[in-house]
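Within every chain, numbering begins at 1; the chains are lettered A, B, ... in the order of the sequence lines, protein sequences first and strands thereafter.
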Amino acid sequence: MDEKKLQNIFYNTSYGKKILKCIQCGTCSASCPLTGLMEHGPRELFALIRDGDMELALRSETPWYCVSCYQCVVRCPQEIPVIDLMYCLKRMSREYDMVPVSHKIPDLYRAFSQAVDHHGRISEAMVMANYGILHPVDAFKNISMALELLKRKRLEFFPRQIIGRRWVAQLPAGEKVRKNT
Amino acid sequence: MKYDKLKIGVYICHCGMNIAPKVDVEAVVEFAKELDHVAIAREYKFMCSNPGQELIKNDIKELGLNRVVVASCSPRMHEPTFRKACEKAGINPHYFQMANIREHSSWVTKDSKEATAKAKDLVAAAVARVAYHRPLHSREMAVKKSILVIGGGIAGMQSAISAADSGYKVYLVEREPSIGGHMAKFDKTFPTLDCAACIMTPKMVTVGQHENIELLTYSEVVSLEGFVGNFKAKILKKPRYVDEDKCTGCGVCMEKCPIKKIPSEFNERLSNRTAIYSPFPQAVPKTPVIDPERCRVLAKNKRCGACEKFCDAGAIDFEQKPMYLDIEVGAVIVSTGFKTIDPTSLVNYGYGRYPEVYTSLEFERLNNATGPTSGKILMKSGKPPEKVAIIHCVGSRDVRYRKYCSRVCCMYSIKFAHLVREKTGAEVWEFYIDIRSPGKLYEEFYSRVQEEGVHFVRGRVAEVTDIPDNQEDFGRLTVVAENTLTRQPKRIPVDMVILSVGLEPADGSEDVARLVGVSTDGDGWLTELHAKLAPVATPTGGIFLAGCCQGPKDIPDTVAQAMAAAGEAASLLSKGTVSTRTEISYIDPDLCAGCQTCLNVCAYSAIQFDAGRGVSVVNEVLCQGCGSCSAACPSGAASVKHFTDKQVMEEMEAILN
Amino acid sequence: MSDEFEPKIIALVCNWCTCTAADLAGTLRLAYPANIRMIRLMCTGMIDSKYVLKAFLDGADGVFIGGCHPGDCHYINGNLKAKKRISGISKIVEQFGFDPERLRLRWIGASEGPEFQQNMTEFVESIKALGPTPVRDCMIL
Amino acid sequence: MKYGFFPGCSYNSAAGYRQSVDAINRLMGIDLVEIPDWNCCGATAFFSLDEFKALALTARLFALAQASGFREIVTVCNACYTTLRKANQILSSNPETVSRINEELSKESLLMEGDFSVRHYLDVLYNDVPAEKWSENLTERLKDYEVACYYGCQFTRPWGDIDHMEQPTILDRFIERLGFLPVDHSARTICCGASHAISYAKECGLLISRIIREVRAKGGRVITTICPLCQFNLDSGQKGIRNPIPVPFFTQLAGLALGINASELGLDKLLVPINRILSRKL
Ligand SMILES: Cc1cc2nc3c(=O)[nH]c(=O)nc-3n(C[C@H](O)[C@H](O)[C@H](O)COP(=O)(O)OP(=O)(O)OC[C@H]3O[C@@H](n4cnc5c(N)ncnc54)[C@H](O)[C@@H]3O)c2cc1C
Ligand SMILES: Cc1cc2nc3c(=O)[nH]c(=O)nc-3n(C[C@H](O)[C@H](O)[C@H](O)COP(=O)(O)OP(=O)(O)OC[C@H]3O[C@@H](n4cnc5c(N)ncnc54)[C@H](O)[C@@H]3O)c2cc1C
Ligand code: SF4
Ligand code: SF4
Ligand code: SF4
Ligand code: SF4
Ligand code: SF4
Ligand code: SF4
Ligand code: SF4
Ligand code: SF4
């Protein structure tokens, strides 16, 4: 799909047009706890989008680093809901198949959502196991931690299954929500 | 009611190519000819040109026209032009009506047929309306030859001096004990680094000594009544408890006063003053005031009287009471200035939490030779800083605080950077979003300071924290920002942080605005009549604005505006008379039921109830012609001249038929 | 001309704001439907209830009232008085058998040329959707 | 005092959180009624992947609460708290979305309508339990026991209605009410990186150490938290550090102040042991 179209799609999401007010001050990127890992940071992402460089924006790892701490939202002088735009970029990059392959968080989220889909709830151990298949090193690092938790009777592998798990599993995927903003 | 036989002349303007190709002017002329009472209908290329106006004048004279309609542009543009033409040809200027077929038809309608049809309707409406126009006359009233200036910062002082120099009596009212305003707090001013005191003190002295200026410090305007040319003001003189006529300004009283630990407002609370005090050494007038909240005698009814005892002049007077002064003036200049944004609520900048975070005004005092550190830039520890951060746009350009750019903080920040480099040699980081330096020699100043080795980092600061990255920076502050030009997150350890706080309207400026009948904009600045064409006038006749009360600006612009306001006021006064409005309300005593509904809706208190006759009466000088009374009046007694029910409804009817 | 219903709409506008915005729309060449006929008043506060009723009874398909934003009134608060009055008129208009949607009050500031254009366009569209005023039938009879 | 209760997925395995909450409830007469058959709130993962599902998951929680007669839901986790509040805000202003979701919910014979009030357990303890009730029940003198309150990033955000977004004090005030000495520090709301701690351990480790260093510099002996994710991250993230700082839940501290014994509060489950300090101080 061409970048112009993607840009339009982005602008037509719930908060998309808000980035037009961004004054590129960098407060968001400076406030972000994981800014050091981000190639672009939120500010630069918005500049990319406004320039129509949608490939760069959608393939960027930056949104996946976002830990949803709201620090940027709290401080943005233009009241731009940065975090919602991060969510939006992540969803769009999934929809258009541009999720950065090298990034680990998409796998973590997938592990998480699989657990929810199967059981309706999660346990950390279950998420770790799902995730560990793809990232054994991370999982391995955590084995000693797991043992410590086990010692303190704090490790549950299977989450308690709930009756509603079938309902959760059958929810349609990827349905669009339009919000009044 | 139509008196003499109506003879209406209708003129359709081509406005070059602006109306004609879209609107079929010829068709409109033919249409107009058929309308009732139309004696002649013509078209012309440019009606507002001299030949166009001549056309009207000749027709009035030769055909005996007694009503004129011009269909052309917006009445905002040329209604005065054509009214004047009518008047010159001998008919009342209000026997004229304008139809706007340019802005409201030819320019906004795609289809030519539709534009023509609309133009016809508008012409028909104007013709129907003008038939009911009545002659209106205004009255001339004499103007008082004096001026009231409210606020004695650089704007008010300059206005007062300029107006007084042109020979008018000026009352300058300042609510603080001394004139001077913000500029009195500065040491150097950008971009030329003039010494503020050197350029300011002479002006203060001039104000204090000018034979035409009556200086009323420690005073406030409590009411203003009247209208352009004839205002009556009531001034409250707060008690100083020191007799201005007797006091020699020796300052002995201040030395003797035992209450010494009161944070000095003038020094931004960075040093202390006494209970009897003069805000700063060069204050005008030099007469101190006694702070009634802190003086042992006045506040606590305890014994002291040290000041009284040591004052050789016998100037101390604990019995002084508030005094009211009634004055009459022809014009008012408002120059109440600004205040700086209080950064306490921007908690991420740590103001009030970390001692080494200063506001820009505090820094001005630190840097001032008469300030708390005698002009040395020192930290609270008494040591000079080695690293200083200056943060731009604090509270400005932020929709949660002040959405606008405060216009002076970029430049004063650059000034600060220079001063810090010069005086301490410290490393300076300026964190900015954009450098706004549009002014004569401003960019040059920026460039010079860049060359002095100041680090300019393009990025708004996210936070100032006392959590260091490295243990050796413990005790310092860390400034966190992104250099948006390199996409590098920065965490810079510094010793001192200066917040370049923005400007907002002075406390109480809304009250002053209400007092003088001028509106404020969404941010609280007083609104001028027109941003470009009448920047110092206001919609209320005789009230002018100067300086920062109208919006943030630097000293050069402030002074220019102050002189402009004085010039406008002087030109009003020198004309000698003002004419009353014509389009104002009239209450027909035969219809008025005396219900007094109108009294309540009039925002200008322009209606009085005449109890004797049992009817309401409009004060034609105060009435602004808003029509609130006419719309509210249940008996149809009140109506605004030139906007009577008949006139409006005829216009409407013509459109709808 | 096509047979499409072309409503006649009276706009009662404040001299200082909405009328200026209309001028600005002109200066900016922002086209909007030609159905609007503007009557310039000094303030929305001077709009008498009978103007609105007269407009409807004389066959207007819609009446638009445009004034300054709250706080911006040239006459301090005429617009707020108008707002109160209009909400009263709206009920009367309804009692007379007109859809109250035919009466619309909006604040359009002097600099809001594009907003003026947008408001006019939207209002004409919504009146078109409502169809001709019931008065028209009476008038033909 | 009876509330609908949403424990969230991390509650059970959190170090003594459940024990301490239960103990306080018993003493203070608070009844937390677990929403039957509750599901995961979806946290930020679902907002990142699938907004409809994210809203549907939370809507189901509201519907379940509604079915059990609760319009007020108490949470014990910052992530759940913010997720539920965010969803509630979106849902309450988007009726079309709600009716679409109700279509789905009807398959489980559930229905959600209107606005819900989502509250944090801290809010309940601070605002609903009268201050006197705490002072009456205090048994321990802990006046000079310096506690650093750590709020985590999400608790006050993005609304800032419960407390100031960057400088909250409600937990400090609560801790003070319990007789502890809150220390002023600058790391109250800086993010600990919990959600990425597994995948990006190194960078998140930096965030944790920044918090720990700050607390140490300002003289905090323990860090108390109000969220299982923060707790786990700060607790487990100090591995290998010299003199690690214990990270008890605020409910555990409250329990101590009320005289409940350490094992009943699950304090033995903390990774950084608190016993050493406890035995010295108490
Ligand atoms: C930190 C800082 C540094 C600056 N540096 C420079 C610089 O280097 N160069 C430059 O060109 N500009 C500079 N400026 C801008 C400069 O301060 C303004 O342009 C100038 O002070 C405006 O003057 P003013 O008279 O309009 O307002 P003010 O200086 O604010 O004066 C207003 C006066 O009115 C009085 N007043 C207020 N309300 C009332 C009332 N109700 N009744 C009676 N009196 C009242 C006040 O007490 C005050 O004396 C700086 C501004 C700041 C904040
Ligand atoms: C592209 C552009 C866009 C702009 N847009 C805006 C805008 O949108 N808003 C805004 O506020 N400002 C705008 N400006 C700025 C604005 O043009 C100026 O502020 C304004 O025109 C200055 O007016 P002036 O009378 O001082 O000078 P000028 O407009 O230059 O008028 C000077 C006059 O003096 C005459 N003259 C010169 N020398 C002599 C002589 N020796 N003898 C006799 N007559 C002489 C000239 O012929 C001329 O008529 C813009 C400027 C530019 C360049
Ligand atoms: S903080 Fe807001 S305005 Fe500044 S760069 Fe980020 S999104 Fe843009
Ligand atoms: S919400 Fe996301 S992007 Fe914003 S500061 Fe936190 S981690 Fe960074
Ligand atoms: S009051 Fe008396 S002592 Fe004080 S300055 Fe005036 S003359 Fe001197
Ligand atoms: S009487 Fe008051 S002002 Fe005078 S010296 Fe004593 S305390 Fe100071
Ligand atoms: S002048 Fe500069 S520092 Fe001040 S608000 Fe404008 S851009 Fe910001
Ligand atoms: S020179 Fe003109 S375009 Fe360049 S910064 Fe200055 S004002 Fe802007
Ligand atoms: S509202 Fe009309 S009738 Fe009543 S007092 Fe005023 S003018 Fe007279
Ligand atoms: S027209 Fe307006 S200002 Fe004049 S009397 Fe009537 S209400 Fe008052």
Side-chain angles (χ1 to χ4, degrees), chain B residues 18 73-77 98 100-111 113-119 121-122 125 129 514 517 519-522 527 531 539 583 585 601-604 624-633 636 639-640 642-643 645 648-649 651-657, chain C residues 1 6 8-12 14-16 19-20 22-51 54-61 63 68-69 71-78 81-82 85 111 113 116-117 120 135:
Chain B
N18 284 306
C73 52
S74 167
R76 206 174 305 277
M77 292 273 296
M98 203 159 169
N100 185 352
I101 60 170
R102 189 178 77 178
E103 281 87 345
H104 295 183
S105 183
S106 75
W107 278 352
V108 291
T109 311
K110 287 208 187 95
D111 182 78
K113 274 205 193 97
E114 285 179 5
T116 307
K118 187 170 183 180
D121 274 5
L122 295 178
R129 188 189 209 278
R514 208 168 307 120
S519 58
T520 50
D521 64 19
T527 9
E583 294 166 12
S585 174
V601 297
C602 179
Y604 299 93
Q624 305 285 314
C626 70
S628 289
C629 54
S630 68
C633 173
S639 66
V640 173
H642 211 60
F643 288 90
D645 290 352
V648 174
M649 304 230 269
E651 186 176 353
M652 192 143 68
E653 208 172 303
I655 291 174
L656 289 170
N657 283 336
Chain C
M1 271 220 209
E6 287 298 340
K8 262 204 174 178
I9 292 169
I10 293 283
L12 299 167
C14 152
N15 175 57
W16 306 99
C19 194
T20 313
D23 284 1
L24 183 63
T27 314
L28 299 173
R29 312 294 198 275
L30 303 174
Y32 52 89
N35 311 63
I36 308 292
R37 301 286 183 271
M38 241 171 298
I39 293 181
R40 179 172 73 110
L41 297 166
M42 294 315 284
C43 175
T44 45
M46 69 165 45
I47 295 172
D48 201 314
S49 313
K50 54 181 179 280
Y51 299 173
K54 165 127 178 123
F56 280 120
L57 294 174
D58 279 1
D61 296 293
V63 174
C68 311
H69 287 281
D72 292 352
C73 177
H74 186 78
Y75 302 104
I76 302 173
N77 54 15
K81 294 173 201 152
R85 191 170 308 122
S111 61
F116 179 82
Q117 173 196 37
M120 291 307 120
V135 171

**Message:** Taking C:Ile36's backbone N and O only, do any of them form a donor-acceptor pair with B:Lys118's side chain (distance below 3.5 Å, no angle check)?
**Reply:** yes

**Request:** Using non-hydrogen atoms and a 4.5 Å limit, figure out which bit of B:Thr527 sits close to chain C: side chain, backbone, both or neither.
**Result:** neither

**Message:** So for B:Asn18, is it side chain, backbone, both, or neither that comes closer than 4.5 Å to the heavy atoms of chain C?
**Reply:** side chain

**Message:** Within the structure provided, determine whether B:Met652 and C:Asp58 are in side-chain contact (heavy-atom separation under 4.5 Å).
**Reply:** no

**Request:** Would you give the length of the straight line joining atom CD1 of B:Ile655 to atom CZ of C:Arg37, rounded to the nearest 0.5 angstrom?
**Result:** 7.5 Å

**Request:** Could you walk me through whether C:Met38 and B:Leu122 pass the side chain to side chain contact (heavy atoms under 4.5 Å, CB included) test, one step at a time?
**Result:** CA-CA 8 Å; C:Met38 241 171 298; B:Leu122 295 178; 5.8 Å; no

**Item:** chain C contacts, top residue of B:Thr109, B:Asn657, B:Val648 (heavy-atom pairs, under 4.5 Å)
**Value:** B:Val648

**Complete:** Given the options B:Ser519, B:Cys626, B:Cys602, C:Tyr75 meets side-chain contact (heavy atoms from CB on, under 4.5 Å) only with B:Cys626

**Prompt:** Which heavy atom in B:Ala631 sits nearest to a heavy atom in C:Arg85, and how many Å separate them?
**Reply:** CB-NH1, 3.1 Å

**Fill in**
For C:Arg40 and B:Phe643, the nearest pair of non-hydrogen atoms, with its separation, is O-CE2, 3.4 Å

**Asked** Is there a side-chain contact between B:Asp645 and C:Tyr51, using heavy atoms and a 4.5 Å cut-off?
**Response** yes

**Item:** B:Asn100 portion near chain C, given a 4.5 angstrom heavy-atom threshold
**Value:** side chain

**Asked** What part of B:Val601 lies closer than 4.5 angstrom to a heavy atom of chain C: side chain, backbone, both or neither?
**Response** both

